[in-house]
Amino acid sequence: MSKTHVKLKVNGREVEGLAEPRMLLIHFLREELGITGPHIGCETSHCGACTVDMDGRSVKSCTVFVAQANGAEITTVEGLANPDGSLGVIQEKFREHHGLQCGFCTPGMITRAHRLLQENPNPTEEEVRFGIAGNLCRCTGYQNIVKAIMAAAAELNAAKEAAE
Amino acid sequence: MTDQTMTPEERAASLEGMGCRRKRVEDVRFTQGKGNYVDDIKLPGMLFGAFVRSPYAHARVKSINADAAKALPGVVAVLTAEDLAPLGLHWMPTLAGDKQMVLADGKVLFQGQEVAFVVAEDRYTAADAVELVEVEYEELPVVTDPFRALEPDAPVLREDIKDQKEGAHGPRKHHNHIFTWEQGDREATEKVLEEADVVAEEMIYYHRTHPCPLETCGCVASMDKVTGKLTVWGTFQAPHAIRTVVSLISGIAEHNIRIISPDIGGGFGNKVGAYPGYVCSVVASIVTGRPVKWVENRMENLMSTAFARDYWMKGRIAATKDGRITGLWCHVTADHGGFDACADPTKFPAGFFNICTGSYDIPVAYLCVDGVYTNKAPGGVAYRCSFRVTEAAYFIERMIEVLAIELGMDAAELRRINFIRKDQFPYKSALGWEYDSGDYHTAWEKALKAVDYEGLRREQAQRIEEFKAGKTRKLLGIGLSHFTEIVGAGPVKNCDILGLGMFDSCEIRIHPTGSAIARLGTISQGQGHATTFAQILASELGIPASDITVEEGDTDTAPYGLGTYGSRSTPVAGAATAMAARKIRAKAQMIAAYLLEVHDDDVEWDVDRFVVKGNPERFKTMKEIAFAAYNQAIPGLEPGLEAVSYYDPPNMTYPFRAYICVMEIDVDTGEWQVRQFYALDDCGTRINPMIIEGQVHGGLTEALAIAMGQEIAYDEMGNVKTGTLMDFFIPTAWETPNYITDHTVTPSPHHPIGAKGVGESPNVGGVPAFSNAVHDAFRAFGLRQAHMPHDHWRIWQIAENLGLHA
């Protein structure tokens, strides 16, 4: 199958490569770029383990062709740590509130939480629950994930206020 | 603060030992996407395998033509049963003493069965090649109903054993029959039933479902032809057992096989068994000389690897007029699918279902289980429960509710008057178990009080009046559940899998500078072993948990163990951890005494040091002792500070719980909402309360899924109707309630640290709590039994059948 040239920005880094037109974004990230944070859980858009940020929107990278992502800016969980390598606020809150167990849904969940808090910096519990309903977790029962996201929102808002 | 100024309590707290809500050490990796799961493994020259699967549930395979697939550029090999037969690998033994086709040998027995294995340069080419393999089938009559399967004229499913009168578990009485397993006293039980004041009888169905961890099953097999060493990375809940099985079926010497379980994205029983994908990957790597990866997709996962439950449980329970239970009778028709691939200890073909007398003091009982072949996928795994314990819990907790209806009694009171009393432990059950410890009444009273049970009943009565008066269309259900689990398999004298005793192990090495590494025979799939086992060691050894590395899952380095499932890690490997630590402490005591120039008996343990008795100013810390072990010649002692323990538990452990679910149900739409869920767990000694609570939240959410909608459903043709996450219910954050967790602590008397295991309790006890809430909402209108899953449509049907829509 003939290949098409793709160029995108992943976690702030320009990358390019050749890919079959049918190649999915998740496979390009994982197999061509070695970015294995986003996972494959269902390949049908239901579980959200493959969630990445594409041009400021959460997308399920198992149902996006890499060709569609040509020219796009992608952020994965690998891009959410602080510049000094320490855990970002959302990552830290997931750890603090035991918002993960097996860790398989975690990269998608954190990436989704990151976008959710951009869309709605001060969500209610109900809004958090609705906002992450596209990401499945089999281990935690969500209770501590919700708690972690609420705590992250509070901390990010407090930091923003302090800065203003 | 220095060692000298700290109180013993402060020193203990600084260790982050048992009882501490220690943050997980795993999370720094996982939150950054730095986990290493099997699909993350990429080896040079690695190929990708994919299966051609049967679209039919029962068919003869007339021919397989792989020419077009082989001609596709990038395809390296296509394996069929014909290729595996010369190696004797076209069939493989199952954990239940049966055998299973690796690739279709003349026929297929369930939809999704593996027919051919395509190996290609990448996963896209493999998927293309799968489409190019032409298989000619001749359809055969399909049997998906286990009762139909046992009729005299039912089609023969397993032609390979149709004339075999004896199976792995005794006589077979029909060509589709697998085994009969009887426990208890049939004659005495039937006599009690005949003479009882009251007998309640019901058929309880626990439907077929699936563990569905977020990561599917998979492996990477790599045969190094130069060294003759086979390495297999895979989603294995029992890596050592897999190594032994691979050796036995492949003929490769066990020392030449290395099994590695990397990070596992949830297991819940799905990853206990051995699957055709593993065998095919190994063979493909041997044939091609290159590493081969196989990872199933979600549809393959739901269709072919490891279903759970599918038990038809007919029960009869006898009682006096005032509600004292006098006997329990149960017959189970167990649908095992096309092959008996249950993951149970060898002597227990229905697992520990004989725990079905539950938390109650039932003087006499009888249980009979018949296993049956049907045209469904094999499996029968313990989906987040000890072997068949969830089925048992659901059975008894439904039977109690049915009996309460029969007696016109309150179900909480009926439970209370029948609980095994605290003073009866250790308690011998009528079906053969010895419960180690329990205090059911205390837990039950605490739970009822916490939810204001009396108040809830008053509210419910009022709601019923309002409903009858046309003022509301919502009913209130109060779901009760109290169950005793049996976990920690198990004593080698009666528990083995394929002849391997179910002990477990821990090896500890203390480094000269006082930090340590511990390796165990278990493997975490999210339970947080690297965190909690270090806590046990911190308390036992006086070394800070943060100075202890816990490693699992590599058979070349970890001591032999039977793996993680059935809540056995803490009861068995946790015990081994404590015992190995105590061996180290015994040697440390001798070293300390030598260094302090006193007799061994003149020093005593104090949190993180040995002190001279009566002179606490003179001591040697564990850190000092560790260094001495490596730099001093101590008369009569070998250098070094290491120990290993293989722990064979004297008994199982018996955690218990009291759960109460309050549910609102809309009679017209069948929609439900969990208003409150109170969960009291008693898992004995608590190692890390934060992790315990997380386990309870997760297990309850799995229980919610199972009770309220999750199922593997088949149509009459044997087509899987729920093969994607569109149809197979997994609750999102939106449907999932917040849970209130609580606990009592009744330590296990025979476990070194008194811990009983917790991971599975909430699934086991949660299912009856949710289901009983649905039943309870309709009890006043005459509902006695409605089969799960209670999805909106089925709840609407309950209301319709009770005439509530008129």
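Everything quoted here is computed from the prediction, not taken from an experiment. Every chain is numbered from 1 and lettered A, B, ... according to where its sequence line falls, protein lines coming before strand lines.
Only the side chain of B:Y37 comes within contact range of chain A, with at least one heavy atom under 4.5 Å from a heavy atom of that chain. Heavy-atom distances place both the backbone and the side chain of B:Q32 under 4.5 Å from chain A. Using a 4.5 Å cut-off between heavy atoms, B:N688 makes no contact with chain A at all. Contact annotation for A:H97: neither backbone nor side-chain heavy atoms come within less than 4.5 Å of a heavy atom of chain B. Using a 4.5 Å cut-off between heavy atoms, B:F268 touches chain A through its side chain atoms alone. If you measure heavy-atom distances from A:Y142 to chain B, the contacts under 4.5 Å come from the side chain alone. There is no contact between A:I90 and chain B, counting heavy-atom distances below 4.5 Å. Contact annotation for B:P737: only backbone heavy atoms (N, CA, C, O) come within less than 4.5 Å of a heavy atom of chain A. Contact of A:M109 with chain B is not made at all, since no heavy-atom distance falls under 4.5 Å. With a 4.5 angstrom heavy-atom cutoff, B:R123 touches chain A only via side-chain atoms. Residue B:Q527 does not touch chain A at all, counting heavy-atom pairs closer than 4.5 Å. Interface residue A:R95: backbone and side-chain heavy atoms are both found under 4.5 Å from chain B. Looking at A:L136, both its backbone and its side chain come within 4.5 Å of chain B, counting heavy atoms on both sides. Using a 4.5 Å cut-off between heavy atoms, B:V28 contacts chain A through both its backbone and its side chain. Heavy atoms closer than 4.5 Å to chain B are found in the side chain of A:A81, but not in its backbone. For A:E78, the parts lying near chain B are the backbone and the side chain together; criterion is any non-hydrogen pair under 4.5 Å.
When each of B:P762, B:G526, B:G694, B:S524 is scored by its heavy-atom pairs under 4.5 Å with chain A, the top score falls to B:G526. Comparing A:C42, A:G34, A:A49, A:G37 by how many heavy-atom pairs each has under 4.5 Å with chain B, the most go to A:C42. Among the candidates B:C212, B:P73, B:P213, B:G266, the residue making the largest number of heavy-atom pairs closer than 4.5 Å to chain A is B:C212. Looking only at heavy-atom pairs under 4.5 Å with chain A, the residue among B:I264, B:T701, B:N738, B:T216 that has the most is B:N738. Chain A forms the most heavy-atom pairs under 4.5 Å with one residue out of B:L704, B:N36, B:I691, and that residue is B:I691. Note on A:G88, A:G103, A:P107, A:S45: by heavy-atom pairs under 4.5 Å with chain B, the leading option is A:G103. For the set A:H27, A:E20, A:M23, A:H39, the count of heavy-atom pairs under 4.5 angstrom toward chain B peaks at A:H27.
Within residues 294-301 of chain B, the residues having any heavy atom less than 4.5 Å from a heavy atom of chain A are, in residue-number order, B:N297, B:R298.
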I would like to know whether A:L24 and B:Y124 meet side chain to side chain contact (heavy atoms under 4.5 Å, CB included); could you show each step before the answer? CA-CA 10 Å; A:L24 297 169; B:Y124 285 78; 3.7 Å; yes
For A:L100 and B:E26: C-alpha separation, side-chain torsions, deciding distance, then whether side chain to side chain contact (heavy atoms under 4.5 Å, CB included) applies. CA-CA 10 Å; A:L100 63 150; B:E26 294 89 343; over 6 Å; no
Going through the checks in order, is the side chain to side chain contact (heavy atoms under 4.5 Å, CB included) test met by A:E92 and B:T31? CA-CA 8 Å; A:E92 181 55 39; B:T31 54; over 6 Å; no
Intermediate values then yes/no, side chain to side chain contact (heavy atoms under 4.5 Å, CB included), A:T44 and B:M726: CA-CA 8 Å; A:T44 51; B:M726 179 74 102; over 6 Å; no
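Summarising the local packing, CZ of A:R57 is surrounded by 12 or fewer heavy atoms from other residues, nucleotides or ligands at distances under 6.0 Å.
Taken from CE in B:M690 to CD in A:E96, the straight-line distance is 10.5 Å, to the nearest 0.5 Å. Rounding to the nearest 0.5 angstrom, the gap separating the SG atom in A:C139 from the NE2 atom in B:H697 is 13.5 Å. How far NE2 of A:H98 is from CZ of B:R22: 13.0 Å, rounded to the nearest 0.5 Å. In this structure, CD1 on A:I40 lies 11.0 Å from CD on B:E215, to the nearest 0.5 angstrom.
Summarising the geometry of B:L214 relative to A:C47, their closest heavy-atom pair is CD1-CB, 3.8 Å, with the distance given to 0.1 Å. Nearest heavy atoms, A:A133 versus B:T732: O-CG2, 3.4 Å. For B:D39 against A:R30, the heavy-atom pair with the smallest separation is O-NH2, 2.9 Å. Contact between A:C102 and B:G265 at its shortest, heavy atoms only, is SG-C, 3.4 Å.
Of the possible polar contacts, none joining the A:R138 side chain to the B:I730 backbone as a donor-acceptor pair under 3.5 Å is found.
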